[in-house]
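Below, read A as the first sequence line, B as the second, and so on, with proteins coming before strands; counting in each chain starts at 1.
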Amino acid sequence: MIKITFPDNSIREYESGVSGYDIARSLSNSLAKDVVAVSVNNEIWDTTRPITTDAQIKLHKFDDKEGKYTFWHSSAHLMAEALEALYPGTKFGIGPAIDNGFYYDVDPGNGAVITDADLVKIEEKMKDLAKEGLPFTRKAISKADVTKFFTQKGDEYKLELINELEDGSITLYEQGNFTDLCRGPHLPDTRAIKAIKLLNIAGAYWRGDEKRKQLTRIYGVSFPKQKMLDDHLELLEQAKARDHRKLGKELELFTFSQTVGQGLPLWLPKGTALRERLQDFLKQVQRKYGYEQVMTPHIGHKHLYETSGHYAKYGKDSFQPITTPQEGEEYLLKPMNCPHHCEIYKTKPRSYRDLPMRMAEFGTVYRYEMSGELHGLTRVRGFTQDDAHIFCRPDQLKDEFKKVIDIILYIFRILDFNDFTTQISLRNKTDHSKYIGSEENWEKAETAILEATQEKGMNTIIEYGEAAFYGPKLDFMVKDALGRSWQLGTIQVDYNLPERFELEYIGSDDQKHRPVMIHRAPFGSMERFVAVLIEHTAGKFPLWLAPEQVVVLPISEKFNEYSEKVLNFLNNCDIRSLIDLRNEKIGKKIRESELKRIPYLLIVGEKEANEGTVSVRKQSEGDQGSMTLEEFSSFIKQEVAKQIAE
RNA sequence: GCCGGUGUAGCUCAGUUGGCCAGAGCAGCUGAUUUGUAAUCAGCUGGUCGGGGGUUCGAAUCCCUCCACCGGCUCCA
């Protein structure tokens, strides 16, 4: 007998060789039916695998992370089986479960090309195979045997993977006619996979290396119940509806023109109003934190970027230099603001008493992003950073870092961004050679970030080896409507530029010292931040940000005159308002104003004109009753004040 | 940049075995209606069918090429 410990620490005895499934069945039949995997001493196992020693276990159903992982991993194998049946000779790369489903990277046999149109066919084949209820069987195998197997099959991708595995730890999984190199675990059989949807198809380089062959990646998702799949697809539809590219067009916030050039956003009046409001807000916050605004031009001499080192590193992949017609001097569209700011720092000798110096600029920069990488406002070739550079003494680093964190957290709170993740990027622990700056300074900077985030009680992921060559950093990331992750704010420590630009300050010891720089951008870029904000709010911006706050809707042309008076009043109160004087029915005016996401609609007819009131309708909530103009104005002011209160 | 897909009026889309002057709804314009909380009615205007080249008696439709967009990969100072 062996002792099995459950998550609640209760212990039960079973025969040695009992499986996760057996244990589940001993508890309840319905549990046994739903269990898809079992953690045995924190390792995920098949439910059919015999347990032969005392163990701590946890049973997983589809509703937990491990359960989904197993379910989708098995679905990937099922898809592979279908592909092998439909496209004989297909070679397989990797086929993992991901956050929202699974994919498999394949190299279809005989040069076949799989397109979107084929997905239904593959899906049908998967469903047929699933119905057969073929068991997944696990087989431990020697490296020699598994090599022989995949050599015969002619699957060079699997052979490459095997090559990197330790003999003795290799397992195969087999279901029906399909055998795959796999660590597992898997479902007991394919029958549980009831609902399947293959979503899209894409090219993916083998092992993520663009120099290697591009495989066909097929993404899919599957569920134990059709209803769950329907709900999931419904969710995807809803996400699409808040895609910033769609809303940006509908709400007339921004556009792109083929004639202007790809990746170069054109901000329309409403988008500009929104963006400027955000910028004003940030400027105001920064003023409180002792920042000073500066402005620098859109181009800079090539020497500037040679000095900074950017030209050597990125020059050949950037927009190429502009040459002056007479002297033949080369200028670059600025890809960053920091070199310019360093030159501002150098305009006069600085004392330790002057530091920290905090220089802020909404600086527009241009970067040649690869064409396939451009994406709405989140990835563009010309964008404006809410940039600032803090020049400080090494002993001020931690405090300054904390203040920047404060700004970012404050902004996120006001804008209701509660769902973000943060990542600290530090040096590669073992290889310090590729980083610039002294060991002592790095140590100081890394501890400063770690302590600062800790003291702020932040939940962070630490990634070693992700630091830039010039310093460690802290990034803030959010996901867009379709689950894609985007970096917003960033705080980076930099020892490189002060060195390259020979920045100095005179210390209290009357000696020259080198300052440290912090690069920081709470929004990241205005473009990306607005994109994420659009998706986050589904275009229903908070009142204080909305490009248009109020629309006056006369019930018929008879009340146009009174409506104009209302509009005038609102304008005088600095409430951003417009009026719909069209000869249309009120229902239509309301509908269109709602679709434009205008926060407040004021309906004005005979009653209102007589009483000097307005009938207030709040967007997506409906009729709020009537108010006098003064009441409404102070009501709006209060709501705005509440939204931007700390 | 790479793989796959898409590209028809300002917007959303129909039109593929190649064949009357290329269609609809919305928007716009004109007129009627004077309206009470998510689409009033009628008429009119509007398109080099992404650009260029080719095949054909004939191309939105087939082929080539370029461009842009979409889904990913790679990259991201």
Subject >> Distance between C1' atoms of B:G28 and B:G71 (Å, rounded) >> reply: 35 Å
Original post:
A:Arg245 side chain N/O closer than 4.0 Å to the phosphate oxygens (OP1, OP2) of B:C70?
Top reply: yes
Subject >> Over all atoms of both residues, closest heavy-atom pair of A:Cys342 and A:Leu497 >> reply: SG-CB, 4.2 Å
**OP:** Ignoring backbone atoms, establish whether A:Lys588 has a side-chain N or O less than 4.0 Å from OP1 or OP2 of B:A27.
**Re:** yes
Subject >> Gap in Å between the two C1' atoms, one belonging to B:U48 and one to B:A9, rounded >> reply: 13 Å
Original post:
What's the CD1-P distance between A:Ile603 and B:U34, to the nearest Å?
Top reply: 21 Å
**OP:** Please work out whether the ring planes of A:Tyr366 and A:His298 are parallel, tilted or perpendicular, with thresholds of 30° and 60°.
**Re:** tilted
Original post:
B:G71 phosphate, OP1 or OP2: any side-chain N/O from A:His375 under 4.0 angstrom?
Top reply: yes
Subject >> Nearest-angstrom distance, P atom, B:G10 to B:C29 >> reply: 16 Å
Subject >> Aromatic-base stack, A:Tyr219 on B:G72, cutoff 5.5 Å, angle under 30 >> reply: no
**OP:** Kindly say if A:Lys211 contacts the phosphate of B:C2, meaning a side-chain N or O under 4.0 Å from OP1 or OP2.
**Re:** no
Subject >> Any A:Tyr205 side-chain N or O less than 4.0 Å from OP1/OP2 of B:C2 >> reply: no
**OP:** Describe, in one word, how the ring planes of A:His244 and A:His375 are oriented to each other, choosing from parallel (under 30°), tilted (30 to 60°) and perpendicular (over 60°).
**Re:** tilted
Original post:
For the residue pair A:Tyr157 and A:Trp206, does the interplanar ring angle fall in the parallel (under 30°), tilted (30 to 60°) or perpendicular (over 60°) class?
Top reply: perpendicular
**OP:** Would you please classify the geometry between the A:Tyr600 ring and the A:Phe632 ring as parallel, tilted or perpendicular, with 30° and 60° separating the classes?
**Re:** perpendicular
**OP:** Provide the distance between the two C1' atoms, one in B:G7 and one in B:G43, to the nearest whole Å.
**Re:** 32 Å
Subject >> N or O in side chain of A:Arg617 less than 4.0 angstrom from B:A38 OP1/OP2 >> reply: yes
Subject >> OP1 or OP2 of B:G4 under 4.0 Å from side-chain N/O of A:Thr115 >> reply: no
**OP:** Quick one: sort the A:His341 and A:His389 rings into parallel, tilted or perpendicular, breaks at 30° and 60°.
**Re:** perpendicular
Subject >> 5'-to-3' dot-bracket of RNA chain B (Watson-Crick, G-U; under 3.5 angstrom; crossing pairs as [ ]; | other strand) >> reply: (((((((..((((.....[...)))).(((((.......))))).....(((((..]....))))))))))))....
